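Bear in mind the structure is a predicted one, so any value in this text is a computation, not a measurement. The chains referred to below are lettered A, B, ... by the order of the sequence lines, with proteins before strands, and numbering in each begins at 1. Because only heavy atoms are used, hydrogens play no part in the values below, and waters and symmetry mates are left out as well, while side chains stay in.
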Protein chains: 2
Amino acid sequence: MPATKKSSADLTAAPKRQHKAEAKAAAHPHGKVRPLTRIQREKQDVILEAALEVFSMHGFRGATIDQIAEVAGMSKPNLLYYFPRKEEIHRRLMAALLETWLAPLKEMDATGDPFPEIRSYIRRKLEMARDYPRESRLFANEMLQGAPRIIEMIELDLKNLVDEKAQVLLGWMDEGKLARTDPYHLIFSIWATTQHYADFDVQVRAVLGPSRNGEGRFEDAARYLEQLFMHGLTPKPAGR
Amino acid sequence: MPATKKSSADLTAAPKRQHKAEAKAAAHPHGKVRPLTRIQREKQDVILEAALEVFSMHGFRGATIDQIAEVAGMSKPNLLYYFPRKEEIHRRLMAALLETWLAPLKEMDATGDPFPEIRSYIRRKLEMARDYPRESRLFANEMLQGAPRIIEMIELDLKNLVDEKAQVLLGWMDEGKLARTDPYHLIFSIWATTQHYADFDVQVRAVLGPSRNGEGRFEDAARYLEQLFMHGLTPKPAGR
DNA sequence: CTAAGTTTTTTCCAACTGGTCAAAATTCAG
DNA sequence: CTGAATTTTGACCAGTTGGAAAAAACTTAG
């Protein structure tokens, strides 16, 4: 359960064919569109990893190419050889991020039972907050700024997925397997409580104090959230 | 229930005597430390209000003095006459913010009953997310960046307050009035779920769609959270 | 009204920003 | 080993950034 570094390998590695070609064509003033070379692939990954580090802390405007280049261990012009503009790096990061971010919700299975399903959804989200805190912060940063660069994806992909899963939740409620409540706000509350441990990590650490700061705090959080949601969503026996 | 503009009046108006003097002394190269003039007070408020707007969207590094000056309706040098450095503005904002931010928790009364107390704590926090979204985002931005400028306040004032209220919660649990659970994570979950509606506003709006976007969404959220926490924290009758 | 104090504007600056370009260094296919 | 393609570097640029300085404009107490 390593929570540090290298964590974005899977994220940065899946940028969607189309984008690759795009980036390539843009990155290289030379005419032809060729497959990426080994060095191109490696360096792009190094850059995206560094960019994740910097963007997730300072947001788009607050991050500088110099900074990213330094973290990536290369010169600024060299970095710009791979990604001709700052926005391009951010775009690639966000595109990959959204995929990863929605994956856990996608797994929630309508044919399963609500409590195991919701419980493991919470677990997965909490694990992501633990293992990919920078991704969580990158996302949060974008949201805070009004999501200018991903608003369409939010309004399409994300909204559709949530709509679909809200239906699943409503189904469970109709079957009396889940307390009747607002499925959208239910999903929001799971997002909020789990991502909190990545986004407000400093605060959580400061409040818990040095004594409770091992990875154990995630176990405690998991236990607490499980209790909260399982109790909170247990259906009342019809009457009263 | 106005949720827009002018909302920071009370925030920016309470900068703590000591700070005022400090700011004054620093702002004016002239020797003596005099009480603030009317214009100074007014303009400082205008600037802080503008700075709140800008900092809350772009974070400290992403915000520029020019931007703040423009929103404040004055020239950059003029603004710098009142606050000689960018950091100073941010510091003032954060100091006032922390006060306001912790107020609701402070009100949680040990002599009251847990459910009404917790319920109204949630209400108050949700109202703050609705009425002071910029303040919430300002705070979130600082957290995302690792709280570099307020870490001491977090580790002292905030931690102490939370420790104190955690004891209150534990007391209620001992009396069997509240489900036994981790009081710290309980507080975190209230923070997370309520602030989510300010910090991730774009996402919430996008997901709920145009139909559910009136202020009514806060009522829905309040109802949902109330249900979640009230059910989730109801103590089980001893056995089992 | 006037002079001292306050506020605002104009001009300026050095450092930093995102980004360009051509030359140099390196890699790699044949 | 060689020549073409790729990668890296150094020098550079125009625009922006936080901030300084000083003079001009405005308030205000007496």
Task: Atom-pair distance (CD on A/Q67; C1' on C/dG18), nearest Å - done: 13 Å
Open item on the list: Side-chain N or O of A/R61 versus OP1/OP2 of D/dT16: is the shortest distance under 4.0 Å?
Closed with: no
TODO: Starting at atom CD1 of A/I68, determine the distance to atom P of C/dT17, rounded to an integer number of angstrom.
DONE: 11 Å
Open item on the list: Just N and O in the side chain of B/N78: are any of them under 4.0 Å from OP1 or OP2 of C/dT9?
Closed with: yes
Open item on the list: Just the rounded figure in Å: distance from C1' of D/dT17 to CG of B/L80.
Closed with: 11 Å
Open item on the list: Counting only side-chain heavy atoms from C-beta out, which of C/dG19, C/dT8, C/dT17 sits nearest to B/Y82?
Closed with: C/dT8
TODO: Take B/K125 and B/W101, measure what side-chain contact (heavy atoms from CB on, under 4.5 Å) needs, and give me the verdict at the end.
DONE: CA-CA 9 Å; B/K125 284 293 283 180; B/W101 225 231; 3.9 Å; yes
TODO: Ignoring hydrogens and angles, answer whether the base of D/dG19 and the side-chain atoms of B/K86 contain a donor-acceptor pair closer than 3.5 Å.
DONE: no
Open item on the list: Is any side-chain heavy atom of A/E135 closer than 4.5 Å to one of A/L52?
Closed with: yes
- [ ] Please check if atom CD in A/E70 has more than 12 non-hydrogen atoms from other residues, nucleotides or ligands closer than 6.0 Å.
- [x] no
Open item on the list: Looking at A/K106 and A/D157, is there a salt bridge between them, counting it only when a charged N and a carboxylate O are closer than 4.0 Å?
Closed with: no
Open item on the list: Which residue in the set A/E42, A/R92, A/M74 passes side-chain contact (heavy atoms from CB on, under 4.5 Å) when paired with A/I47?
Closed with: A/M74
Task: Rounded interatomic separation in angstrom, taking OH from B/Y81 and P from C/dT7 - done: 4 Å
Open item on the list: Between B/E127 and B/R124, does any NZ, NE, NH1 or NH2 come within less than 4.0 Å of an OD or OE carboxylate oxygen?
Closed with: no
- [ ] Using a 4.0 Å heavy-atom cut-off across all strands, classify A/A63 as base, sugar-phosphate, or nothing.
- [x] sugar-phosphate
TODO: Could you tell me whether A/S75 contacts a base, only the sugar-phosphate backbone, or nothing, with contacts defined as non-hydrogen atoms closer than 4.0 Å?
DONE: base
- [ ] Would you indicate whether the side-chain heavy atoms of A/I154 and B/V202 approach each other to under 4.5 Å?
- [x] no
Task: Axial cation check for A/F60 ring with A/R149, 6.0 Å and 45° limits - done: yes
Task: Rounded (10°) bend between the five-pair end axes of the helix from C/dC1-D/dG30 to C/dG30-D/dC1 - done: 20°
- [ ] Output yes when at least one side-chain N/O atom of B/R85 is less than 4.0 Å from OP1 or OP2 of D/dG19, else no.
- [x] yes
- [ ] Specify whether B/H90 and B/F55 have parallel, tilted or perpendicular ring planes, treating 30° as the upper limit for parallel and 60° as the lower limit for perpendicular.
- [x] perpendicular
- [ ] Specify the separation, in whole Å, of atom CG of A/D66 and atom P of D/dT16.
- [x] 18 Å
Report all interatomic pairs (protein N or O, nucleotide N or O of nucleotides 23-29 of chain C) with separations under 3.5 Å.
residue: C/dC28; atom: OP1; partner: A/R38; partner atom: NH2; Å: 2.8

Task: Separation of D/dT7 P from A/M74 CE (nearest whole Å) - done: 11 Å
Task: Nucleotide of D/dG18, C/dT10, D/dA11 approaching B/I65 most closely (side-chain heavy atoms) - done: D/dG18
Open item on the list: Could you check whether B/R41 pairs with B/D45 (Lys NZ or Arg NE/NH1/NH2 to Asp/Glu carboxylate O, under 4.0 Å)?
Closed with: no
Open item on the list: Just to be sure I understand the rule, does A/K43 reach a base, reach only the sugar-phosphate, or reach nothing, if contact means heavy atoms closer than 4.0 Å?
Closed with: sugar-phosphate
Task: Atom-pair distance (NZ on A/K76; P on D/dC13), nearest Å - done: 14 Å
TODO: Return the value, rounded to whole Å, for the distance between atom CG of B/L79 and atom C1' of C/dT7.
DONE: 13 Å
